[in-house]
Amino acid sequence: MKKKASKSVSKISSVYDHLKIEKKWQADWKKSGIYKTKEGGKKPKAYVLDMFPYPSGSGLHVGHPKGYIATDVFARFKRMSGFNVLHPMGWDAFGLPAEEFALKNKIHPSIAVKTNVKCYKDQLSILGFCYDWDREVNTTDPEYYKWTQWAFLQMHKKGLTYESHEPINWCPSCKTGLANEDLDNGKCERCGSIVEKKPIRQWVIGITKYADRLLSDLDALDWPNSIKESQKNWIGRSEGSELTFEIKGGESVSVFTTRPDTIFGVTYLVLAPEHHLIEKIKPRIENWDKVQSFIKDVAKKTQIERTAEGKEKTGVHLSGISAVNPANGEKVPVWIADYVLADYGTGAVMAVPAHDERDFVFAKKYNLPIMAVIGSEHVSDEKAYTGGGTLINSGKFNGKDSESVIKEITKFCNGKLVVRYKLRDWVFSRQRYWGEPIPLVHCASCGVVPVPEKELPLKLPNVKFYEPTGTGESPLAAIDKWVNTKCPQCKGPAKRETNTMPQWAGSCWYYLRYMDPKNKKMLVDPKKEKYWSPVDVYVGGTEHATRHLIYARFWHKFLYDIGVVSQSEPFTQLRNQGLIMGPDGQKMSKRFGNVVNPDDIVKLYGADSLRVYEMFMGPFEQAISWSTDNMLGSRRFIERVWRLKQKISKDSVKKDTEQLLHKTIKKVGQDIQGFSHNTAISSMMILLNALESEASVDKKTYETLLLILAPFTPHITDDLWSQLGHKKSIHLEVWPTYDESKLISDSFKIMIQVNGKIRGSLETNNPEEAFVIKAAKEKPEIKKYLDGNEIIKEIYVKNKLVNFVVKG
RNA sequence: GCUCGGGUGGUGGAAUGGUAGACACGGAGGACUUAAAAUCCUCUGACCUUUAAAAGUCGUGUGGGUUCGAGUCCCACCCCGAGCACCA
């Protein structure tokens, strides 16, 4: 490895000493504080934000800074363009990874976090980012999590939280309950263990109350389509009807269906094996032994086993139980089956085997009747017809169109139109140590009582033993001194809530804290909030599509509802950086041994080279493999800019060069704003190539090149800037303006086509159609295609192209 | 299965319906050098004809279509990636 590095280093020239220069300017910026953000003044604001990192023990690899570089370029560009820029950084440090790291290395998490944060900060600092470190936040800081707890209490007050004993996702290896969002295909997103359903006392936040707004407000956001789609899928809105079937004997069961139009085709009813009705009607179930053992079998299976693809549906008939179809009063049998999920819809479905694939398969297997009610032409014994059409066998609705009849049939059956979501309420408690304590107290006489706000932060006790218990109790439960407290209401003995908050809690609102990081009285000063909100550009990875980005939007909307924030959405524009893969094309990971460390790259080639390369390597949102060879091109580009300085002279600038310069200023500015950094850099390379081919370059032109390059290569441009005699940092300069009139060329190259094929070109300063067409026809290379043929059509695209359409 | 992206040289990639392959990497040749590195210059999609110059044909996953003109728009299909999924 070392040998390879020393071989590579010889590939670069020693035209400038990146180590010395970068160190000097980083120290200089720190001393002068040029990146400190102040409120006030008349400048418009720009809030440019990175998803703050989780400081893990393994440090950064070369892929992590890609997004940070892009926002840094953006922030620097905005600052030069006259904006008051907020560009902060902080640490998301509560949660399982930090705790696991601590347990493994036998260091207390609070210490491990400190070490890791320092390591991350060191790694970031050598890349020359323009963060205002005075605004640094850390979610594990009691002064920070005080407000995480405060927000939870506000939700509690508004009745948005509830205590539940329902079975939830339990990771046997992490020994904690998990939210649906923490699952990846039925496995724990963190450790990959198969998650079990386990009844555990837990705190849940009613995020589903916000489902509609989370969905509809997506439309106005400037976010990547894929993220919006992911969120839409996750929220999973579906419109349908809730219909009630009477059960013979007194009870009733309601079902959710998106196809009430098929109700006359119901031939049986299916309940989820966990359905609460079963307990009630148990005495009347004639084959209870069989039913009970089926329920037990299903309960034993994991979610994965139950929903495995191609898995055969199984069920059992509840003998002696029947339900009444509200549409026609007919009796239908009632079954329980594993293909009906307890936690979607009402946990019960009306089965229409003729028009639903699952019901069809099930009906075939158990020999249940199949009754077609849509479009006689579609009736088949092979498979279900799931489309729409004309109703048949549907009483007074016969002949009507299935889609248009939905409302009418629902009303006819005394049902109601409802909207259902896949989104579940947010399981908010974790049975682990390293998280924000949930600020509630359990009192035998008063019930659940919130910790008074003035007692916040409710600090996480500093203890030696914090291993997860696995019993469903948090390790905090074992700390008697902490658990036993007084009821804030009646002052009697009471016990603290011992669960902690999930990893995602602290990251739900950190962008607000950056606006006002030191405020002790409130979460954020309303004036500051109003000034900085919303975040203008937010950059991070796609892995947060249905986790952080849903939670944060929800949290923000809640804060909006209680008047803490002024906007209903936190992040106006979102951009996702594509991964940087290892040189072998695989995801960078210790496991594959393909990790490239930014520290090594910076040492050998400089931070400026790394920055240029990561922005130049391809479209920002795309995953691309790292190539040190390709990176050398970026280093060479910087060296050539450095060397070009020797060519500065007093000669006046050539007209072509001036035009290219203005074109480049325009393009670079536009591309930075559009996150097309790769083409911004290539256009500067084109400019550099042109300048190099001249005998000399005038100072003003060279300075302009430095200015537009400054956001990408902050160190070398500041150095060259000062070499040119400037006292003030280049980063405090104003972004150069381009002159639209300079962009207009006075001569044009016009392509000449015959029948759409390029046959020649024409250089002219007269764009008149008649002139150009005449001139084009006279060109010998064109003439030979026209002679003897009839010209049917002449097309002229001004300043660009002529096309002769000929016959013959 | 549904939804959303994407498929362009040896490689990363560029192209408001109007010169496909900008820019860069890699490669080949040359200059400089005692030599190497670095640097600079020239060439570099495929095929084909010709001594050569030059020209021609093909070419953006496949097959159709719209258009004077398609990498770009429309239809069908194939492949790759992401999200959701026994969701009623």
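Note that the structure is predicted; figures quoted are calculated from it, not measured. Every heavy atom of this structure was used, including side-chain atoms; hydrogens, water molecules and symmetry mates were not. Proteins get letters first, then strands, A, B, ... in listed order; numbering begins at 1 in each.
- A close approach under 4.0 Å does occur between a side-chain nitrogen or oxygen of A/N689 and OP1 or OP2 of B/A24.
- Minimum atom distance to the side chain of A/D356 is reached by B/A88, of the listed B/A20, B/C4, B/A88.
- Here the C1' atom of nucleotide B/A38 and the CZ atom of A/R635 are 11 Å apart, to the nearest Å.
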### Message
One pair to check against side-chain contact (heavy atoms from CB on, under 4.5 Å): A/M581 and A/I624. What are the steps and the verdict?
### Response
CA-CA 6 Å; A/M581 317 295 273; A/I624 300 172; over 6 Å; no
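- Base contact: A/S682 has a heavy atom under 4.0 Å from a base atom.
- Using a 4.0 Å heavy-atom criterion, one finds that A/Y785 contacts the sugar-phosphate atoms exclusively.
- Put simply, the side chain of A/P353 reaches to within 4.5 Å of the side chain of A/Y268, judged on heavy atoms.
- Of the possible donor and acceptor atoms, one in the side chain of A/R635 sits under 3.5 Å from a partner among the backbone N and O of A/Y605.
- For B/G9, the base is syn relative to its sugar; the glycosidic angle is within 90° of 0.
- To the nearest angstrom, P of B/A88 lies 18 Å from CZ of A/F362.
- Heavy atoms of A/K757 sit under 4.0 angstrom from primed sugar atoms or phosphate atoms, though from no base atom.
- Base-pair partner of B/U62: B/A76 (Watson-Crick or G-U wobble, both distances under 3.5 Å).
- If you check B/G18 for Watson-Crick or wobble pairing at under 3.5 angstrom, you find it paired to B/C68.
- Under a cutoff of 6.0 Å and an axis angle of 45°, A/R553 and A/W223 form a cation-pi pair.
- Within the 4.5 Å cutoff, side-chain heavy atoms of A/V539 are placed close to those of A/R575.
- Contact annotation: side chain of A/N233 to base of B/C84, donor-acceptor pair absent below 3.5 Å.
- Comparing B/G64 with B/U16, their P atoms are spaced 27 Å from each other, to the whole Å.
- At whole-Å resolution of the value, CE in A/M615 and C1' in B/A24 are 16 Å apart.
- Between B/C2 and B/A76, the distance separating the two P atoms is 12 Å to the nearest Å.
- One can place CD of A/Q670 at 12 Å from P of B/U16, the figure rounded to the nearest angstrom.
- Judged by distance alone, with hydrogens and angles left aside, A/Q753 brings a side-chain donor or acceptor within reach of the base of B/G18, the pair sitting under 3.5 Å.
- Counting any heavy atom pair closer than 4.0 Å across all strands shown, A/V349 reaches a base atom.
- For the pair A/K647 (side chain) and A/E692 (backbone), a donor-acceptor distance under 3.5 Å is present.
- Counting any heavy atom pair closer than 4.0 Å across all strands shown, A/P224 reaches no nucleic acid atom.
- Side chains of A/Y339 and A/D359: a donor-acceptor N/O pair is present below 3.5 angstrom, by distance only.
- B/A36: no Watson-Crick or G-U partner with both key distances under 3.5 Å is found in any strand.
- Comparing B/A88, B/G13, B/C4 against the side chain of A/L341 picks out B/A88 as the nearest.
- Taking atom P on both B/G59 and B/C41, the two are 35 Å apart, rounded to the nearest angstrom.
- Note on A/K667: every side-chain N or O is 4.0 Å or more away from OP1 and OP2 of B/A14.
- Separation of the P atoms belonging to B/G1 and B/C87 is 14 Å when rounded to the nearest angstrom.
- Counting only heavy atoms from C-beta on, A/P619 has its side chain closest to B/G13 among B/C68, B/U39, B/G13.
- Distances shown here put every side-chain N or O of A/Y339 at or beyond 4.0 Å from the OP1 or OP2 atom of B/A85.
- Nucleic acid contact class of A/E794 (heavy atoms, under 4.0 Å, all strands): none.
- When the P atom is compared between B/G21 and B/G27, the two are found 24 Å apart, to the nearest whole Å.
- Among the heavy atoms of the strands lying under 4.0 Å from A/F616 is at least one base atom, whether or not backbone atoms are also near.
- In this structure, A/R358 does not reach the B/A85 phosphate: none of its side-chain N or O atoms is under 4.0 Å from OP1 or OP2.
- In this structure, A/R640 reaches the sugar-phosphate backbone alone: every heavy-atom distance under 4.0 Å involves primed, P, OP1 or OP2 atoms, never a base.
- Comparing B/C68, B/A20, B/A88 by their closest approach to the side chain of A/T258 singles out B/A88.
- Nearest to the side-chain atoms of A/D629 among the listed nucleotides B/C84, B/C4, B/G26 stands B/G26.
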### Task
Begin from the C-alpha positions of A/M51 and A/L549 and carry the test side-chain contact (heavy atoms from CB on, under 4.5 Å) through to its verdict.
CA-CA 10 Å; A/M51 288 186 191; A/L549 287 171; 4.1 Å; yes
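- Of the candidate nucleotides B/A88, B/G13, B/U19, B/U19 has the atom nearest to the side chain of A/M751.
- Using a 4.0 Å heavy-atom criterion, one finds that A/I795 contacts the bases of the nucleic acid, with or without backbone contacts as well.
- For B/G56, the OP1/OP2 oxygens have a side-chain nitrogen or oxygen of A/R759 closer than 4.0 Å.
- Ring pair A/W504/A/Y551 is tilted by interplanar angle, where 30° to 60° counts as tilted.
- Nucleic acid contact class of A/G633 (heavy atoms, under 4.0 Å, all strands): sugar-phosphate only.
- At the heavy-atom level, A/L801 lies under 4.0 Å from base atoms of the strands shown.
- With a cut-off of 3.5 Å on both pairing distances, B/G9 has no Watson-Crick or G-U wobble partner at all.
- Atom pair A/L243:CG and B/A88:C1' shows a separation of 12 Å (rounding to whole Å applied).
- Neither OP1 nor OP2 of B/A24 sits under 4.0 Å from any side-chain N or O of A/R636.
- Residue A/N225 places at least one side-chain N or O under 4.0 Å from the OP1 or OP2 atom of B/G5.
- For B/G26, the paired base is B/U44 (Watson-Crick or G-U wobble, both distances below 3.5 Å).
- Nucleotides B/A88 and B/A15, compared at atom C1', are 48 Å apart to the nearest Å.
- Going from atom CG of A/L743 over to atom C1' of B/U16 covers 16 Å, rounded to whole Å.
- Checked against B/U39, B/A20, B/C84, the side chain of A/W234 finds its nearest nucleotide in B/C84.
- Contacts of A/V361 with the nucleic acid, taken as non-hydrogen atoms under 4.0 Å apart, are absent.
- At distances below 3.5 Å, not a single donor-acceptor pair connects side-chain atoms of A/R759 with backbone N or O atoms of A/G756.
- Nucleotides B/A36 and B/U50, compared at atom C1', are 42 Å apart to the nearest Å.
- Of the C1' atoms belonging to B/G18 and B/A54, the separation is 26 Å, rounded to the nearest Å.
- Within the shown strands, B/U3 is the pairing partner of B/A82 under the Watson-Crick or G-U definition, both distances less than 3.5 Å.
- A close approach under 4.0 Å does occur between a side-chain nitrogen or oxygen of A/S238 and OP1 or OP2 of B/A88.
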